[in-house]
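One structure below.
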Amino acid sequence: MSAQLVVASNRGPLSYEEAPDGSLTARRGAGGLVSALGGALHDRADALWIAAALTPDDRRAAEENEGGIMEAAGYRVRLLDIPELEYDMYYNVMSNRFLWFICHYLWDPAHTPSIGEEERQSWHAYEEVNRRFATAICDNTAEGVAVMIQDYHLGLAPAMIRTQRPDLRVGIFWHIPFPDADYLRLMPDRWSRRLLEGMLGADLIGFHTTRWAGNFIRAVVDVLEEQTTRRLVSHQGRRVRVGHYPVGVDVKSLTAGADPEDVRRQKASITDWLGGRKLILRVDRTELSKNIVRGLRAYERVLEKRPDLHGKVSHLALLTPSRSHVPEYRDYLAECKETGREIAKRFQTDSWEPLRVEVADDFPRTLAAYELYDVLVVNPVFDGMNLVAREGPVLNRNQGILVLSRNAGAWSELSPAALGVNPFDVDGTAEAIEAAIDLPEAERAWMSKGVARLARGRAPARWLERQLRDLPS
Ligand code: ADQ
């Protein structure tokens with residue numbers, strides 16, 4: 001069947017690993033984009049997902065399947081083989097260091113960024129990889145098909161596709177924040193213009209919240225001096241629609257990612273570790289924007305101020321390794337571990353482990369911990385949405401309270417039933433954690449029920465459907 005829907009993202013839904021017998025086994029790709037899009041495409045036989053082969057085993061999997069096309073949960077996947085050096089510059093330097101930092105306000109403008117030869121080469125690689133994706137899409141797609149590009153790795157692809165195939169209906173969804181125009185100007189002018197024009201090659205540009213959509217529109221006005229009317233941008237004689245499409249949680253596809261027996265085992269292991277204490281939980285990729293160190297310091301403040309809680313609470317930080325090729329991330333992981341060790345050592349007793357920082361890729365343990373927490377801390381510096389803030393409340397069975405950064409996209413929907421924090425304010429975050437622990441029973445029940453209802457939101461399949469509906473027909 002020829003695809004009626006093509007989606008394209010850097011990371012695909014599966015990553016491959018060689019088993020001891022030499023065969024290839026597939027496992028779920030990590031991260032929020034895979035959670036959202038994997039849920040949306042479940043059982044869509046008319047869909048093709050194009051992604052980059054990330055490892056030598058992925059490349060082998062692509063080679064061993066005819067036309068590089070493989071099956072995943074009811075839809076097809078095609079992996080693109082990109083030369084390693086080019087991929088490294090596009091992914092590790094331009095996407096994950098440069099654009100990610102700009103979009104999450106992670107630079108320190110007195111010193112960084114500083115645009116030199118490496119950055120210029122990596123911008124070139126970014127253009128090249130975007131061109132490869134655009135070509136793969138244009139060469140394999142029937143007339144008039146909807147193409148949904150995902151995320152900041154592929155910001156230039158929409159305009160490249162439009163030049164080659166104006167018949168295709170193109171959307172781009174930006175999963176992360178979009179910065180305000182002043183911060184965007186930390187990029188060289190030529191790049192910020194190219195990026196905005198690249199995205200405006202689409203018919204529809206989607207964000208999780210009105211906050212990021214508004215920043216994008218203001219940047220278009222400011223940097224490109226284009227005309228806009230509410231949510232429509234006039235660009236090169238076309239009208240481009242800008243919308244917000246918050247993604248919610250589909251419990252079935254979320255829990256399908258793990259064997260229920262493994263989840264049960266992990267629940268028993270965590271319950272055993274807690275020994276009746278309250279569980280304060282965080283779940284993150286080891287990612288600078290997730291603000292892990294300030295979160296741990298906030299817990300330390302709670303223990304400093306509240307000796308009555310010693311032995312009554314334990315904090316579990318489940319961290320999935322991420323972007324270990326980027327130096328800032330390696331340093332940050334070391335800092336998270338060191339901070340965790342220091343706090344644990346400071347307060348631990350023979351019978352109480354106050355804090356455990358686990359760095360592992362263990363999805364069943366994450367699902368088990370979601371069910372069990374009393375307090376879930378989600379305090380990113382900035383975040384497009386943050387799915388942990390939605391999945392936790394939906395799966396929790398313990399009247400858990402959500403402590404949530406006001407700079408997470410999730411805040412715009414969950415604020416009525418979560419405790420908000422300014423992510424830079426460690427003392428304020430500590431106060432919110434304390435308040436969550438101390439909340440009277442009746443309020444706990446009311447807030448946990450409320451946040452679960454709000455967090456479910458629009459399931460990924462409906463999130464995608466809404467965008468497809470808003471594409472021109
Ligand atoms: P991320 O920053 O990667 O996503 P986030 O929204 O924080 O992701 O969610 C993390 C996801 O990883 C959750 O869906 C969680 O279930 C999953 N996960 C946790 N442990 C895992 C493991 N061991 N293996 C596999 N998956 C695991 C980006 C943006 C976010 C936005 C999402 C979706 O940065 O702001 O919410 O995309 O659009």
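Values below: all heavy atoms of this structure, side chains included; hydrogens, waters and symmetry mates excluded. Values in this document were obtained by computation on a predicted structure and should not be read as measured data.
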Whether [Y] and [X] form a salt bridge (side-chain N of Lys/Arg under 4.0 Å from carboxylate O of Asp/Glu) is what I want to check.
| X | Y | result |
| --- | --- | --- |
| R44 | D46 | yes |
| R97 | E328 | yes |
| R462 | E465 | no |
| D259 | R265 | no |
| E413 | R456 | no |
| E338 | R341 | yes |
| R282 | D284 | yes |
| D203 | R239 | no |

Checklist entry - Is K449 atom NZ crowded by more than 12 heavy atoms from other residues, nucleotides or ligands, each under 6.0 Å away? => result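 12 or below, so no.
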Checklist entry - Has R356 got more than 12 heavy atoms of other residues, nucleotides or ligands less than 6.0 Å from its CZ? => result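 Correct, the count exceeds 12.
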Could you check if a side-chain atom of [X] sits within less than 4.5 angstrom of a side-chain atom of [Y], using non-hydrogen atoms only?
| X | Y | value |
| --- | --- | --- |
| R330 | V326 | no |
| T339 | I292 | no |
| P113 | L186 | yes |

Checklist entry - Centre of W100's six-membered ring, under 6.0 Å away, within 45 degrees of the axis: is that where NZ or CZ of R323 sits? => result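 Pair R323/W100 counts as cation-pi.
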Checklist entry - Run the side chain to side chain contact (heavy atoms under 4.5 Å, CB included) check on R241 and I205 step by step: do they pass? => result CA-CA 6 Å; R241 189 166 174 161; I205 302 175; over 6 Å; no
Next on the checklist: Checking E261 against Q266 for the side chain to side chain contact (heavy atoms under 4.5 Å, CB included) test, could you report, in this order, the C-alpha distance in whole Å, the side-chain angles of both residues, the deciding distance, and whether it holds?
Outcome noted: CA-CA 9 Å; E261 196 41 53; Q266 291 301 340; over 6 Å; no
Between [X] and [Y], does any side-chain donor sit less than 3.5 Å from a side-chain acceptor?
| X | Y | answer |
| --- | --- | --- |
| Y245 | D470 | yes |
| Q150 | W174 | no |
| D88 | N92 | yes |
| N398 | D374 | yes |
| S9 | W49 | yes |
| S269 | R365 | yes |
| Y87 | N10 | yes |
| N422 | D425 | no |

Checklist entry - Would a line drawn from the ring center of Y329 to the ring center of Y332 be shorter than 6.0 Å? => result no
Checklist entry - Using the benzene-type ring in the case of Trp, are the ring centres of H315 and Y299 under 6.0 Å apart? => result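 Under 6.0 Å, so yes.
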Taking [X] for the side chain and [Y] for the main chain, is one N or O donor matched with an acceptor at less than 3.5 Å?
| X | Y | result |
| --- | --- | --- |
| Q467 | W463 | yes |
| S95 | Y90 | yes |
| D262 | P364 | no |
| D250 | P460 | no |
| H310 | L303 | yes |
| R277 | K312 | no |
| N396 | Y373 | yes |

Checklist entry - CD of E434 to CG of L439: how many Å apart, nearest 0.5 Å? => result 12.5 Å
Next on the checklist: Under the criterion salt bridge (Lys or Arg N to Asp or Glu O under 4.0 Å), I'd like the reasoning laid out for D180 against R218: C-alpha separation, chi angles, the key distance, then a yes or no.
Outcome noted: CA-CA 7 Å; D180 63 46; R218 281 186 292 276; over 6 Å; no
Next on the checklist: Is the ring pair F101/W107 parallel, tilted or perpendicular, if the boundaries are 30 and 60 degrees?
Outcome noted: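 Tilted: the ring planes of F101 and W107 meet at 30° to 60°.
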Checklist entry - Under 30°, 30 to 60°, or over 60°: which ring-plane class applies to H208 and H175, parallel, tilted or perpendicular? => result perpendicular
Next on the checklist: Set out, in order, the CA-CA distance, both residues' side-chain angles and the distance that settles side chain to side chain contact (heavy atoms under 4.5 Å, CB included) for L41 and L5, then state yes or no.
Outcome noted: CA-CA 10 Å; L41 294 189; L5 168 65; 3.9 Å; yes
Item to check | Worked verdict on Y75 versus H42 for side chain to side chain contact (heavy atoms under 4.5 Å, CB included) | outcome: CA-CA 7 Å; Y75 53 89; H42 207 90; 5.6 Å; no
